[in-house]
Number of protein chains: 2
Amino acid sequence: MNKRESSKVTIYDVAREAGVSKTSVSRYLGGRYDELSDKTRKKIELAISQMEYRPNTMARGLKSNKSYLIGIIVADINNPYTTAILRGAEDICSQNGYNLMICNSDNNPEKERGYFEMLLSHRIDGLILHTTGGNHDMLIQLQEQKTPIILLDRKVPDLELDTVGLDNFQATSQAVHFLADQNYERIAFFSEPASKISTRYERRQSFQQTLLSRSHPSSNDVYEVNVDDLQDVEAKLQHFLEKSEGKSRAILTANSVVLLKLILLLQEQKLSVPKDLAMMGFDNPEWSTIVYSGISTIEQPTYQIGVAAMEMILRRIDGQVSPAQTIAYQAKLNIRETTPFIQKS
Amino acid sequence: MNKRESSKVTIYDVAREAGVSKTSVSRYLGGRYDELSDKTRKKIELAISQMEYRPNTMARGLKSNKSYLIGIIVADINNPYTTAILRGAEDICSQNGYNLMICNSDNNPEKERGYFEMLLSHRIDGLILHTTGGNHDMLIQLQEQKTPIILLDRKVPDLELDTVGLDNFQATSQAVHFLADQNYERIAFFSEPASKISTRYERRQSFQQTLLSRSHPSSNDVYEVNVDDLQDVEAKLQHFLEKSEGKSRAILTANSVVLLKLILLLQEQKLSVPKDLAMMGFDNPEWSTIVYSGISTIEQPTYQIGVAAMEMILRRIDGQVSPAQTIAYQAKLNIRETTPFIQKS
DNA sequence: TTGTAAGCGTTATCAC
DNA sequence: GTGATAACGCTTACAA
């Protein structure tokens with residue numbers, strides 16, 4: 001058989017070329033060499049490499065009822081947080097012979113739903129989900145058909161699901177304590193709207209509780225901004241600036257997107273960081289080292305989160321049954337130039 | 001049949017539930033309503049939604065010899081350039097009922113090769129490739145089996161392949177002319193090693209030719225740096241700085257990774273931009289607006305590149321035969337604060 | 001150690 | 001209009 005036809009090389013072609021049955025070839029593919037004579041094995045080996053044969057995943061999956069496909073729906077592929085996780089997940093995934101189907105929901109539940117349908121049609125063996133908060137019914141469907149699900153970062157109410165992410169309470173609390181210890185008299189928390197997203201909610205809760213526990217006056221200086229509407233961000237920033245006039249003050253942002261938008265506005269207004277205002281943010285984007293000679297950040301072990309999520313789902317696929325578990329990693333504070341110590345007046 | 005078994009709902013189950021044959025169900029799925037009576041159609045409709053039936057892509061693919069899968073191998077998923085392209089490609093892809101398999105080669109030919117094998121096994125209907133420069137043989141295999149290939153950005157020697165990307169000659173030339181017109185007496189070009197990557201090569205070529213054409217003295221101020229080795233970058237930066245001492249000078253970077261590393265070093269050395277040195281770079285990362293009050297950049301229509309690549313491959317999949325074509329987009333210069341006009345002395 | 005044959009969930013070709 | 005039936009490429013009893 002000619003190379004040019006290699007797209008159509010099937011197990012049967014290989015068998016014919018090697019002068020054996022397709023069963024033997026199948027045994028070879030499955031690595032069951034003990035069921036094969038050396039001679040047969042060599043003949044098959046030769047035929048396969050000569051014909052550039054590659055088993056057809058679809059046929060294999062159809063028969064074995066396994067797709068070797070793992071779906072991952074992420075909320076924002078533009079976010080460095082996301083891509084770091086993807087790399088961790090992908091590395092473990094391919095090491096184990098599985099393939100990753102990456103889907104980007106853009107934080108849009110309808111797009112997310114479309115991907116659910118698609119992945120379901122592909123009969124994925126497992127799903128890693130950075131949820132938008134909607135499509136609860138789809139999750140239930142997956143659960144019913146015993147497809148393992150791992151939640152990334154954001155939890156889902158009512159459902160008992162494995163979860164891998166950050167310890168948001170601890171991380172936020174640590175950052176807030178740090179800022180308060182640096183003697184900032186007013187500290188604001190800027191976040192995207194919490195809506196159904198647990199992470200955002202937890203961080204806000206922790207922010208408020210931590211300040212409350214220290215009797216710090218800022219426990220209500222919480223702002224939810226729509227990052228796609230710069231005017232909205234500006235108005236809320238303005239509100240905080242006016243409210244905290246004359247005090248030493250800091251802003252803590254719930255992610256790097258909010259951080260970026262705020263910096264843009266501060267520069268427009270010619271406000272100086274950290275002189276006029278201290279800044280600290282969740283995530284640790286590459287640019288945080290070069291802006292203001294280094295922005296203080298709360299860094300997550302993103303790659304490791306991806307690794308852990310994938311390892312967990314592979315265990316579930318392998319049949320491990322145990323109650324749903326949660327892995328929460330500790331954050332790392334990177335203290336840089338935007339949060340100096342303030343001498344008490 | 002019970003919902004709980006939905007993972008196993010097949011076309012046959014639907015047929016039984018609706019009291020028709022699976023042929024009819026298949027006709028329904030294929031949208032061939034004219035071959036169905038209204039009554040039958042309604043019965044099928046009902047059964048499908050009640051049972052939450054979803055056609056099995058693997059079975060469908062096996063039968064029809066189409067996977068509805070398009071592979072895309074990108075060189076660096078951390079790069080915003082890449083994610084923007086992915087979004088463009090993905091949007092068109094899902095609009096047309098195809099699914100994207102995203103693979104990240106990390107600029108590593110061996111990883112790339114692994115993905116080639118995997119995608120080939122999945123019988124992808126087309127491949128979009130941001131090549132590492134290796135694995136020429138795999139491309140030939142794909143060509144032989146008539147699987148359409150579109151190259152992103154980087155060309156491959158010897159092979160006649162559709163290509164979508166930037167007009168690198170034009171873009172670089174435009175940027176160089178701009179910098180020269182701003183009266184910089186020395187202009188350096190910092191790039192990652194060109195090796196087999198056409199884009200890097202073209203940009204360097206264009207840089208040199210443009211300066212030569214203006215009899216500018218810097219046509220040999222070209223540096224290839226290994227971005228993973230900061231010492232290497234630092235040494236080359238130092239070389240240029242010493243060489244150009246006392247002159248007005250600028251650096252043009254071939255991508256945003258190099259740009260970031262250089263800025264890091266400049267800040268360490270307390271060098272001021274643009275006072276001591278002007279900066280301009282390819283790509284337009286989000287942070288370019290907030291560093292140095294705005295870095296001048298050469299922006300590519302990344303989303304559009306992704307869209308165009310996907311549209312092109314879909315046309316090829318649909319059977320369009322025509323000679324390989326190249327789409328080269330024009331770049332957009334964003335003139336910001338890091339490249340001020342220099343008064344001639 | 002090897003091979004025959006059935007079947008995975010679809011679609012397509014025939015008959016009726 | 002409708003429904004048997006035969007593939008698609010593979011794995012796996014079951015035989016030999």
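Convention: sequence-line order gives letters A, B, ...; per-chain numbering from 1. The shown structure was predicted, so the numbers you read here are calculated from the model rather than taken from an experiment.
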Just the table, please: protein N/O against nucleotides 12-16 of chain C N/O, every pair under 3.5 Å.
{"unit_1": "C:dA12", "atom_1": "N6", "unit_2": "B:T23", "atom_2": "OG1", "d": "3.4"}

_Interatomic distance, B:I44 CD1 vs C:dT11 C1' [rounded to whole Å]_ = 14 Å
*Interatomic distance where CG belongs to A:N65 and P belongs to C:dG9 [whole Å]*: 7 Å
*Flag for B:T40-B:S37: side-chain donor and acceptor within less than 3.5 Å*: yes
*asked:* Please determine whether a side-chain nitrogen or oxygen atom of A:S21 lies at a distance below 4.0 Å from atom OP1 or OP2 of C:dG3.
replied: yes
*Just the endpoints, please: which first and last nucleotides of DNA chain D, 5' to 3', lie under 4.0 Å from a heavy atom of chain A?*
D:dG9 to D:dA13
*For A:R60 and A:S26, test the side chains for any donor-to-acceptor distance below 3.5 angstrom and give the result as yes or no.*
no
*Does C:dT10 have OP1 or OP2 sitting under 4.0 Å from an N or O in the side chain of B:Y53?*
yes
*Is it the case that B:T82 and B:D76 place a side-chain donor and acceptor less than 3.5 Å from each other?*
no
*What is the distance, rounded to the nearest whole Å, between atom CZ of A:R60 and atom P of C:dG9?*
18 Å
*Using a distance-only test with no angle check, is there a side-chain donor-acceptor pair under 3.5 angstrom linking A:Y28 and A:E45?*
yes
*No-hydrogen, no-angle side-chain donor-acceptor test under 3.5 Å, A:Q145 and A:R123*: no
*A:Q145 CD to C:dG9 C1': how many Å, rounded?*
15 Å
_If I take atom OH in residue A:Y33 and atom P in nucleotide C:dT1, what distance separates them, rounded to the nearest angstrom?_
15 Å
*Starting at atom OH of B:Y28, determine the distance to atom C1' of C:dT11, rounded to an integer number of angstrom.*
17 Å
*Closest nucleotide of DNA chain D for B:L62 versus for B:V20: which of these residues is on the 5' side?*
B:V20
*Side-chain donor-acceptor pair present, B:Y303, B:D91, cut-off under 3.5 Å*: yes
*Is there a donor in the side chain of A:N107 and an acceptor in the side chain of A:T132, or the other way round, less than 3.5 Å apart?*
no
_Distance-only side-chain donor-acceptor flag, A:N135 / A:E112, under 3.5 Å_ = yes
*Is A:D34 touching bases, backbone alone, or none of the nucleic acid, heavy atoms closer than 4.0 Å?*
sugar-phosphate
*State whether a side-chain donor-acceptor pair under 3.5 Å links B:T83 with A:N78.*
yes
